[in-house]
J.: 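Can you keep this structure in mind? I'll have questions shortly.
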2 protein chains.
Amino acid sequence: MGIAATTAEAGGEALSERQQAVLDAVLALMVEQGGDLTVSDIARRAACSKETLYKWFGDRDGILTAPVRWQASKVRAGHYDSQHLDASALRQSLESFAANWLAVISSGTSVALNRVAIGQAASGTNDLGRIVLANGRFAIGERLKPLLEAGRAAGLLAFDDTEVAFRTFFGLVGRDVQIRLLLGDRLALSETEIAADAKRAAGQFLALYGNRASFEARLRLAPQDEGGLYRPPSS
Amino acid sequence: MGIAATTAEAGGEALSERQQAVLDAVLALMVEQGGDLTVSDIARRAACSKETLYKWFGDRDGILTAPVRWQASKVRAGHYDSQHLDASALRQSLESFAANWLAVISSGTSVALNRVAIGQAASGTNDLGRIVLANGRFAIGERLKPLLEAGRAAGLLAFDDTEVAFRTFFGLVGRDVQIRLLLGDRLALSETEIAADAKRAAGQFLALYGNRASFEARLRLAPQDEGGLYRPPSS
DNA sequence: TGGGAACCGTACCGTACGTTACGGTTCGGA
DNA sequence: TCCGAACCGTAACGTACGGTACGGTTCCCA
């Protein structure tokens, strides 16, 4: 930090092709080796000189934080359209959100980036923590809330506080996944597991916030494949 | 790690009074200054010599991990008795679990300890990650599951997989609290906020896993103070 | 009162690593 | 063809910090 960088990441303008390749190398190194990177390691891996690294990113902190900022800038995804929203489309969108989010937080790059940000948050001066939060937790919140409110407007959901509803959804989706991965627990989420988890989370969310009519319909159906819904004791 | 420590933390025997005081100092330093501690810092703060620190804990890694192990060893709490379990007692126990867990993860020491463990998990050799997980996430799981199963045995809860049910509870309680704190978000949870969150989480969990009779009773009541339950549109 | 163990505070050593400097190469434009 | 900018690889510098050594003080016990 400190001294302003010369070229990149200062105003947040576009990075050159080469610079992006370097950041990719840094990221790959973070993923496979952890946070204790030496600048020489990075230079060797990226096949560029240390002088260039310092010229581009200022100092070691800049070199390590650049990939975080860069990845964060790529998170932006398309908003979901809230037209023609019926119960099925709502459920589908919720599942899609959940699956997407699970895929993100369980990816190696996300884990590595969050570790770097947490390490930096520990060392007094924050920045990365705010950036990661803004582009993770809060970004998905701002993207999901319109869907929730559209669902409410369509009479499919019922809640007072959108923030509370979103945080519940967040908890139902993420559960213990992120903290376990951050702490080094092996936890390989396959494509199908993510899909199943997303389905369960969406179902539980709808059970909590769906309107009574649709919920009672689901009660009568008593589906077997979604956790958390009551079914009559089989005994 | 590496070379076995001489006195403390080797077999996990009791630490002397003085040693505990030193670990308290390390912990306090972690909380207020973050993870980038020098051994000299610690020695100055703990008012002891570096020589003693190395003698007791082996090397820098031992010095930093000792307080984590020590705190972890203190987490053990009494099991909840599952006798005389009715709906009210179950709800009370769930709320108690939730409030306790929220208080733990939002405490400064927990945040600092988790940051240290995450930083160490990033640097190849794990250990702390496993310890923190074993004494946090998994310990509470093992303590809560008997309660859940007792509730099921009493006909108050319905679920197939205890693990799935627990993870749902975990998600409903923690939501985004831990990751936000780890990333440096200011998020002061007051006593009353924790109590309210615990109540909401327990209510949502019971709405998902409670049996139909009690759930329908709560539907008719349409309580105002618990998030996530449907109430008829006031319009 | 003497002796030894434990420990504090400080000084010291060696090294790893952040940062800078420099010679050599590539490449695009006049 | 020449020039300069950008960059690579390597070497050099300075320092911070992990780890050790040592003299001085306290305290326990014979």
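Letters A, B, ... mirror the listed sequences (proteins, then strands); counts begin at 1.
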J.: Would you confirm whether B:T168, through its side chain, and B:V164, through its main-chain N or O, come within 3.5 Å as a donor-acceptor pair?
T.: yes
J.: Does A:E32 come within less than 4.0 Å of A:R45, counting only side-chain N to carboxylate O?
T.: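 A salt bridge links A:E32 with A:R45.
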J.: At under 4.0 Å, does any side-chain N or O of A:S49 touch on OP1 or OP2 of D:dT10?
T.: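 No.
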J.: Taking B:R137 first and then B:E163, would you say they form a salt bridge - that is, a charged N and a carboxylate O separated by under 4.0 Å?
T.: yes
J.: Rounded to the nearest angstrom, tell me the gap between atom CD1 in A:I63 and atom C1' in C:dG18.
T.: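 Rounding to the nearest Å, CD1 of A:I63 and C1' of C:dG18 are 9 Å apart.
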J.: Hey, is the side chain of B:W56 poking within less than 4.0 Å of OP1 or OP2 on C:dA6, counting only N and O atoms?
T.: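 No, no such contact exists.
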J.: Just how far is it from atom CD of B:Q204 to atom CG of A:L172, taken to the nearest 0.5 Å?
T.: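 One gets 7.0 Å once the value is rounded to the nearest 0.5 Å.
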J.: Roughly how many Å is it from NZ in A:K50 to P in D:dC13, rounded to a whole number?
T.: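 About 14 Å, once rounded to whole Å.
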J.: Answer with base, sugar-phosphate or nothing: what part of the nucleic acid does B:A43 contact at a heavy-atom distance below 4.0 Å?
T.: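 B:A43: no heavy atom of the nucleic acid under 4.0 Å.
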J.: How many whole angstroms separate atom CG of A:D59 from atom P of C:dT20?
T.: 9 Å
J.: Could you state the CD-C1' distance from B:E51 to D:dA21, rounded to the nearest angstrom?
T.: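 Rounded to whole Å, this separation is 7 Å.
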J.: Is the phosphate of D:dG18 approached by B:S40 (side-chain N or O, under 4.0 Å from OP1 or OP2)?
T.: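 Checking B:S40 against D:dG18: no side-chain N or O falls below 4.0 Å of OP1 or OP2.
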